[in-house]
Number of protein chains: 2
Amino acid sequence: METSTGYLLVKFGGAAGGYFDRSLQSLGIRPRHVRVLEKIRTDTLSQQDLCRLTGMDRTTMVAVVDDLERLGYARRVPSPTDRRKRVVTPTESGLVALSESETLLRKAEAALLSPLSATEQKQLNDLVSRLATPDLLACLP
Amino acid sequence: METSTGYLLVKFGGAAGGYFDRSLQSLGIRPRHVRVLEKIRTDTLSQQDLCRLTGMDRTTMVAVVDDLERLGYARRVPSPTDRRKRVVTPTESGLVALSESETLLRKAEAALLSPLSATEQKQLNDLVSRLATPDLLACLP
DNA sequence: TATTGTTATACTCTATAACTATA
DNA sequence: TATAGTTATAGAGTATAACAATA
């Protein structure tokens, strides 16, 4: 079992998750915050929209946006068209933090995959892309 | 970020973990219990030994062995050489459960990797084996 | 009545600290 | 004193339920 592909994927996935978390420590955020910042960089989205796009649930999203607001990376703005909704908008420093995050995450990924050659890294991306499809991940929640 | 190898590995690893958990539901255990049963199938080991071999900490191991005892899959036996230690021994039904678990986990893994051909599955195992090395996982806790 | 955002709550997982019994 | 096992407890993460405001 310990050498099975599935077990290794679970184990490495967990370790990589922690590593990505730590790679963003200096910015006070985690990868989930980066995913939100990426979505709102170009699009105008409510929290509910963000839930749909990221798969997080509403209460988690409240906490994530709370964090982004507290850090000055984003603001909640009442939607003009539907006053129930609050549009989440990045601040200037939020966009800076986003771009720094992407650099840090790229660096962390390079470190994680460094045992493999560039060709092998490409192969791995191809294989994992075919496993981690949206519909598969949805039906294995 | 959403298409990066690292993110996909984290995401798929998490989904696979849940899938493996559910695959063992009928036996009332989880993969960690299987790892313990595998270790004690042939060797005589104390809980501390099992901690060293699996990386779980002492308190987690207490809970895991509690579960195995409650289900009748293992027993704690006082060590004759060191009365502080308690050797964990599998029962007959524990060995049966172990062999069933291994079948269920193999089946679950086959399902998870089914989008890939046999050759590709072999490739993936090779690549992930080189990433998820014991020392790398140890230094990324 | 349904939806958006929110709060409060419960539940799991994991890690820490403290206790016992042995060495 | 150090180690093995245990218990109690606290922390983070996540999910559920209930509520206010709006559609």
Side-chain angles (χ1 to χ4, degrees), chain A residues 10-11 13-22 24-25 28-33 35-36 39-40 44-70 74-89 137-138 140-141, chain B residues 10-11 13-15 17-18 20-22 24-25 28-33 35-36 39-40 44-70 74-89 137-138 140-141:
Chain A
V10 172
K11 200 121 190 213
Y19 192 68
F20 285 126
D21 282 357
R22 287 191 295 279
L24 296 176
Q25 242 170 15
I29 56 176
R30 295 177 50 191
R32 57 178 47 172
H33 301 90
R35 284 198 286 147
V36 166
K39 301 293 183 198
I40 63 177
T44 297
L45 300 167
S46 70
Q47 293 184 201
Q48 199 65 255
D49 295 331
L50 287 167
C51 289
R52 270 189 295 276
L53 291 168
T54 61
M56 301 180 212
D57 80 7
R58 293 187 298 168
T59 65
T60 304
M61 187 57 68
V62 170
V64 170
V65 178
D66 280 350
D67 294 337
L68 292 175
E69 248 186 349
R70 184 173 37 76
R75 268 193 292 268
R76 288 171 165 100
V77 181
S79 161
T81 61
D82 183 339
R83 293 204 329 231
R84 289 173 305 182
K85 297 188 182 178
R86 309 182 69 179
V87 170
V88 185
T89 311
L137 294 177
L140 309 177
Chain B
V10 172
K11 199 122 189 210
F20 285 126
D21 281 357
R22 289 193 294 280
L24 296 175
Q25 241 170 15
I29 57 177
R30 296 175 52 189
R32 58 179 45 170
H33 301 90
R35 283 198 286 147
V36 166
K39 301 293 183 198
I40 62 177
T44 298
L45 300 168
S46 69
Q47 293 184 201
Q48 200 65 255
D49 295 331
L50 287 166
C51 289
R52 269 188 297 273
L53 291 168
T54 62
M56 301 181 213
D57 80 9
R58 294 186 297 169
T59 64
T60 304
M61 188 57 68
V62 169
V64 169
V65 177
D66 280 351
D67 293 338
L68 292 175
E69 248 187 347
R70 185 174 37 77
R75 268 193 292 269
R76 288 171 165 99
V77 181
S79 161
T81 62
D82 183 340
R83 293 205 330 230
R84 290 173 305 182
K85 298 187 180 177
R86 307 181 69 177
V87 170
V88 185
T89 311
L137 293 176
L140 309 177

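Order of the sequence lines sets the chain letters (A, B, ...), proteins ahead of strands, with each chain counted from 1.
Note: A/Met56 CE to A/Met61 CE = 4.5 Å, rounded to the nearest 0.5 Å.
Here D/dA4 presents its P atom at 12 Å from CG of B/Leu50, a figure rounded to the nearest Å. Rounded to a whole Å, the NZ atom of A/Lys85 is 12 Å from the C1' atom of D/dT22. Rounding to whole angstrom units, CG of residue A/Asp57 and C1' of D/dT16 are separated by 9 Å. Atoms CG (B/Asp67) and P (C/dC13) sit 10 Å apart, rounded to a whole Å. Whole-Å rounding puts the B/Met56 CE to D/dA4 C1' distance at 17 Å. The separation between B/Arg86 atom CZ and C/dA23 atom C1' is 17 Å, rounded to whole Å. One interatomic measurement links the two molecules: CD of A/Glu69 to C1' of C/dT6, which rounds to 13 Å at whole-angstrom precision. When rounded to the nearest whole Å, the span between CG of B/Asp49 and P of D/dT3 equals 14 Å.
Here C/dG5 is the nucleotide among D/dT16, D/dG5, C/dG5 with the atom lying nearest to any side-chain atom of A/Gln47.
Between B/Asp66 and B/Arg70 there is no side-chain heavy-atom pair separated by less than 4.5 Å.
Residue contacts shown for B/Ser46 are limited to sugar-phosphate atoms, with no base heavy atom under 4.0 Å away. Using a 4.0 Å heavy-atom cutoff across all strands shown, A/Asp82 reaches sugar-phosphate atoms only and no base atom. Within 4.0 Å (heavy atoms only), A/Arg83 reaches sugar-phosphate atoms of the nucleic acid but no base atom.
The 5' end of DNA chain C is approached more closely, in terms of each residue's nearest nucleotide, by A/Arg84 than by the other of A/Val62 and A/Arg84. With the nearest nucleotide of DNA chain D identified for both B/Asp66 and B/Arg52, B/Arg52 has the one nearer the 5' end.
Evaluated for a side-chain contact (heavy atoms from CB on, under 4.5 Å) with A/Ile40, the options A/Thr89, A/Leu53, A/Val88 yield exactly one hit, A/Val88.
Listed pair A/Gln48 / C/dT4 meets the phosphate criterion, a side-chain N or O lying under 4.0 Å from OP1 or OP2. Listed pair B/Arg58 / C/dA15 fails the phosphate criterion, with no side-chain N or O lying under 4.0 Å from OP1 or OP2. Between A/Arg30 and D/dG13 there is a side-chain N or O to OP1 or OP2 distance below 4.0 Å. An OP1 or OP2 oxygen of D/dT14 is reached within less than 4.0 angstrom by a side-chain nitrogen or oxygen of A/Arg32.
Crowding of A/Arg76 atom CZ: a count of heavy atoms from other residues, nucleotides or ligands under 6.0 Å exceeding 12.
Residues A/Thr54 and B/Lys11 approach most closely at O-NZ, 4.5 Å, considering heavy atoms.
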